[in-house]
Amino acid sequence: MASSSVAADMELDRPNLEDYLPPDSLPQEAPRNLHLRDLLDISPVLTEAAGAIVDDSFTRCFKSNSPEPWNWNIYLFPLWCFGVVIRYGILFPLRSLTLALGWLAFFAAFFPVHFLFKGQDKLRSKIERKLVEMMCSVFVASWTGVIKYHGPRPSTRPHQVFVANHTSMIDFIILEQMTAFAVIMQKHPGWVGFIQKTILESVGCIWFNRNDLRDREVTARKLRDHVQQPDNNPLLIFPEGTCVNTQYTVMFKKGAFELGCAVCPIAIKYNKIFVDAFWNSKKQSFTMHLVRLMTSWAVVCDVWYLEPQYMREGETAIAFAERVRDMIAARAGLKKVPWDGYLKYNRPSPKHAEEK
């Protein structure tokens, strides 16, 4: 379905090349409109060039942008060295201590509440929700996060789902410190997986494996059940399905827009003045990503809670998803590209791409 959506979007962008060719180069019974594919069929060189352009437009969505060097002369280099000493020698140890103390306080409160209040589910859920929000605030403090929230704070009510663009796993942390969302997230190994299984399940988070088709069906059923319950935490979905850098937004998966409920868009935009918050999971572990944030001066971010949207009469789920993506892209200043983010993990074979 995603590949057909990409093909449909590209079909709209194909130019009419009839005006660019001399009359004698066209067949006598020329088609009414000559498309780009007709020209590529007769020119292997142009086919390879077009393929390179397409590949570049896709891969640039997942590239980290290196900061411009500014310590290039004798006057600025000592200041840069002084900054390195401050960030790594003073700020990083203090932030690590803050994070460690936060974890100790969290575990000291969370596990007793989790096991001793089993007969009082509502009270236990309320306390666990507050503890998770507190721990996320500790994470943000460990980066010296400067977060500005715009718009009304999300409320807990049934028949609604929140969707946001996705730059890093810290998107969840930044949103979670204000409201305890139940997020849809890929299963992770290591200490992140431990937190998913032991802590985040208490706020109703749902995990999936993107490579398991059966798991996707189970997840879709859990989503529909979750939004119907009035006591559940608000549902948060990152419909891009992968982390995209701070300049682009890829196609939204339609699952969040088929639930028959209100869709509340959230736009997230990071300021790269101190650090690029994009997490390139193929090149960097999440632990090293956090270390990079903790050794920067600050993480600056704006979050906009936008007006809830409803599916219009005669509107498909794909069109609804694109309309919401337009809103988020316009608010966060992102460039839209017609690519499926899952291609980052499962690139199509050359034979399949040629057939398409």
Side-chain angles (χ1 to χ4, degrees), residues 2 55-67 99 135-136 139-140 142-143 145 163-177 181 183-201 205-213 215-216 219 236-253 255-256 266-272 274-296 299-301 303 325 328 332 334-337 339-348:
D55 185 65
D56 179 68
S57 68
F58 174 78
T59 56
R60 67 187 176 186
C61 300
F62 309 104
K63 287 183 178 179
S64 301
N65 299 308
S66 302
L99 191 59
M135 192 60 225
C136 289
F139 265 107
V140 174
S142 71
W143 322 318
V163 298
N165 58 299
H166 198 22
T167 303
S168 167
M169 202 187 298
I170 69 170
D171 300 338
F172 164 72
I173 298 174
I174 288 174
L175 296 177
E176 196 79 2
Q177 76 161 346
F181 287 103
V183 71
I184 312 303
M185 188 183 295
Q186 162 75 15
K187 293 178 181 177
H188 289 274
W191 66 271
V192 176
F194 171 77
I195 293 175
Q196 287 179 323
K197 294 178 181 178
T198 58
I199 298 172
L200 294 182
E201 283 189 357
C205 295
I206 301 172
W207 319 120
F208 69 93
N209 185 350
R210 62 169 53 94
N211 296 320
D212 190 343
L213 295 178
D215 202 16
R216 295 183 188 180
T219 301
L236 173 64
I237 300 178
F238 297 104
E240 289 173 301
T242 188
C243 294
V244 186
N245 66 27
T246 56
Q247 293 179 312
Y248 298 93
T249 173
V250 297
M251 290 173 54
F252 280 9
K253 301 292 182 297
I266 302 176
I268 306 173
K269 182 66 173 182
Y270 293 94
N271 191 324
K272 297 187 293 183
F274 294 123
V275 66
D276 185 1
F278 169 58
W279 177 37
N280 190 341
S281 58
K282 283 197 167 186
K283 294 185 177 181
Q284 190 179 51
S285 67
F286 186 63
T287 301
M288 294 309 300
H289 179 60
L290 289 179
V291 170
R292 186 163 66 91
L293 298 180
M294 293 172 66
T295 54
S296 67
V299 175
V300 182
C301 177
V303 177
R325 185 164 76 117
I328 294 176
L334 303 173
K335 300 175 184 177
K336 291 178 55 183
V337 292
W339 299 115
D340 185 349
Y342 276 4
L343 295 177
K344 174 183 177 182
Y345 303 97
N346 300 304
R347 299 299 297 272

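Being a predicted model, the structure only gives us computed values, none of them experimental.
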Asks: Can you measure from CE (M185) to CD1 (I237) and round to the nearest 0.5 angstrom?
Replies: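 The CD1 atom of I237 is 12.5 Å from CE of M185, to the nearest 0.5 Å.
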Asks: Any side-chain heavy atom of R292 sitting closer than 4.5 Å to one from Q284?
Replies: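 A side-chain contact exists here, since the closest heavy-atom pair is under 4.5 Å.
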Asks: Sub-3.5 Å donor-acceptor pair from the side chain of R325 to the main-chain atoms of V250, do we have one?
Replies: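 Between the backbone of V250 and the side chain of R325 there is a qualifying donor-acceptor contact (under 3.5 Å).
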Asks: If you measure from CG on N280 to OG on S285, what distance do you get to the nearest 0.5 Å?
Replies: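 So the CG of N280 and the OG of S285 are separated by 11.5 Å.
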Asks: What side-chain donor-acceptor pairs closer than 3.5 Å can you find for residues 193-200, not counting sequence neighbours?
Replies:
| residue | atom | partner | partner atom | Å |
| --- | --- | --- | --- | --- |
| Q196 | OE1 | H188 | N | 3.1 |
| Q196 | NE2 | Q186 | O | 3.0 |
| T198 | OG1 | F194 | O | 2.6 |

Asks: Out of the candidates F139, W279, F172, only one should pair with F286 under the ring-ring contact (aromatic ring centres under 6.0 Å, His included) rule; please name it.
Replies: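 Testing F286 for a ring-ring contact (aromatic ring centres under 6.0 Å, His included) against F139, W279, F172 leaves exactly one candidate, W279.
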Asks: Which atoms form the tightest heavy-atom contact between S296 and F274, and what is the distance?
Replies: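 Looking at all heavy atoms of both residues, the closest pair is CB-O, 4.2 Å.
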Asks: Under 4.5 Å between any side-chain heavy atoms of I174 and I268, yes or no?
Replies: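 No. Closest side-chain heavy atoms not under 4.5 Å.
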Asks: Do the side chain of E176 and the main chain of C136 share a donor and acceptor less than 3.5 angstrom apart?
Replies: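 No.
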Asks: Indicate yes or no for a side-chain donor-acceptor contact from K269 to the backbone of T246 under 3.5 Å, with no hydrogens or angles considered.
Replies: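 Here the side-chain-to-backbone pair exists.
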Asks: Could you tell me whether the side chain of W143 reaches within less than 4.5 Å of the side chain of V275, counting heavy atoms only?
Replies: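 Side chain of V275 against side chain of W143, heavy atoms only: no contact under 4.5 Å found.
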Asks: Between L290 and I170, is there a side-chain heavy-atom distance shorter than 4.5 Å?
Replies: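 In contact.
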Asks: Could you give the distance from NZ (K253) to CD (E240), rounded to the nearest 0.5 Å?
Replies: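 The distance works out to 8.5 Å.
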Asks: Could you tell me which non-hydrogen atom of T287 sits nearest to which non-hydrogen atom of W191, and how far apart they are?
Replies: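 Closest heavy-atom pair between T287 and W191: OG1-NE1, 2.7 Å.
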Asks: Has D171 got a side-chain atom pairing as donor or acceptor with T167's backbone, closer than 3.5 angstrom?
Replies: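 Confirmed, D171 side chain pairs with T167 backbone.
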Asks: Roughly how far apart are S168 OG and N245 CG, rounded to 0.5 Å?
Replies: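 CG of N245 is found 12.0 Å from OG of S168.
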Asks: Quick one: OG1 on T249 to NE2 on H166, what's the gap to the nearest 0.5 Å?
Replies: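 With rounding to 0.5 Å, OG1 (T249) is 12.0 Å from NE2 (H166).
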Asks: Looking only at heavy atoms, which two atoms of F278 and H289 are closest? And how far apart?
Replies: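 Where F278 meets H289 most closely, the heavy atoms are O-CE1, 3.6 Å.
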Asks: What residues, two or more places apart in sequence or in another chain, satisfy ring pair (Phe, Tyr, Trp, His ring centres under 6.0 Å) together with Y270?
Replies: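 Once residues adjacent in sequence are excluded, Y270 has no partner under the ring pair (Phe, Tyr, Trp, His ring centres under 6.0 Å) criterion.
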Asks: Atom CG in L175, atom CZ in F181: separation rounded to 0.5 Å?
Replies: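 Between L175 CG and F181 CZ, I get 6.0 Å after rounding to 0.5 Å.
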